[in-house]
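Since the structure comes first, as structure tokens, the remarks are kept for the end.
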Amino acid sequence: RNKKNRKSRGHVSAGHGRVGKHRKHPSGRGNAGGQHHHRIMMDKYHPGYFGKVGMRVFHWKKSTRACPTINVDHVHNFVRKEDAAAKGGKLPVVDCTNFGYFKLL
């Protein structure tokens, strides 16, 4: 298999034009120039790409955000047999925190 360039042999600029020559990285590599020569494109298609947002948290502890959840239809598994068989039409009270769940959905 031949390279695409074979067709252009003998032609001076090989299809890349004489004026705006085919140079290696004319606008910079990768995301270069986002705040300079590519600013219009960045502002138009990627607003908010640069800058900071929100408050700084100096000592972020993920464990304080943890809140294990459980659905209402699974709570009946926590009721003991003797509590479920209680007479008088009273419903058993279940404390989900004893089982490690802190949010009831």
Side-chain angles (χ1 to χ4, degrees):
R1 179 150 170 83
N2 290 333
K3 300 267 184 188
K4 198 175 186 180
N5 187 252
R6 290 306 309 164
K7 285 184 179 178
S8 302
R9 291 293 181 211
H11 301 280
V12 175
S13 49
H16 291 293
R18 289 173 185 260
V19 179
K21 297 160 194 67
H22 183 74
R23 297 273 163 86
K24 297 254 176 115
H25 298 281
S27 60
R29 293 176 187 248
N31 290 334
Q35 291 181 311
H36 305 284
H37 55 283
H38 291 156
R39 165 155 299 178
I40 290 171
M41 185 272 295
M42 292 301 283
D43 290 346
K44 186 173 182 180
Y45 297 110
H46 308 284
Y49 181 81
F50 297 107
K52 298 177 182 176
V53 136
M55 268 194 320
R56 293 182 298 170
V57 180
F58 293 115
H59 187 59
W60 179 260
K61 297 186 287 281
K62 289 182 182 173
S63 60
T64 60
R65 297 274 185 209
C67 188
T69 59
I70 188 171
N71 289 336
V72 174
D73 54 341
H74 295 302
V75 174
H76 68 85
N77 297 327
F78 299 146
V79 180
R80 295 182 302 181
K81 299 289 185 211
E82 57 269 16
D83 290 341
K87 295 183 179 121
K90 291 186 178 179
L91 293 174
V93 177
V94 178
D95 187 6
C96 293
T97 58
N98 292 341
F99 299 97
Y101 295 101
F102 298 97
K103 186 185 281 189
L104 189 62
L105 301 177

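If you read the sequence from its start, that first residue is 1, and numbering goes on from there.
- Going from atom NE2 of His74 over to atom CZ of Phe99 covers 14.5 Å, rounded to the nearest 0.5 Å.
- Take Arg65 and apply the salt bridge (Lys or Arg N to Asp or Glu O under 4.0 Å) test, not counting sequence neighbours, and it matches no residue.
- Heavy atoms from other residues, nucleotides or ligands lying under 6.0 Å from CZ of Phe50 number more than 12.
- Interatomic distance, CZ of Arg18 versus OG of Ser13, reported as 5.5 Å (0.5 Å rounding).
- Side-chain atoms of His38 do not come within 3.5 Å of backbone N or O of Asn31 as any donor-acceptor pair.
- For Leu105, the CG atom is densely surrounded, since the number of other residues' heavy atoms within 6.0 Å is greater than 12.
- Taking hydrophobic clusters as Ile, Leu, Val, Met, Phe, Trp and Tyr residues chained together by side-chain heavy-atom distances below 4.5 Å, Val93 does not share a cluster with Val72.
- The cluster map of Ile, Leu, Val, Met, Phe, Trp and Tyr, joined by side-chain heavy atoms under 4.5 Å apart, puts Phe102 and Val75 in different clusters.
- Lys103 and Cys67 get closest at one heavy-atom pair: CB-SG, 3.8 Å.
- Contact between Val94 and Phe78 at its shortest, heavy atoms only, is CG1-CB, 3.7 Å.
- Here CZ of Arg23 is found 12.5 Å from NE2 of His16. Values are rounded to the nearest 0.5 Å.
- Ile70 is listed as a side-chain neighbour of Leu104, based on a closest heavy-atom distance under 4.5 Å.
- When all heavy atoms are compared, the tightest approach of Gln35 to Arg39 is O-NH2, 3.4 Å.
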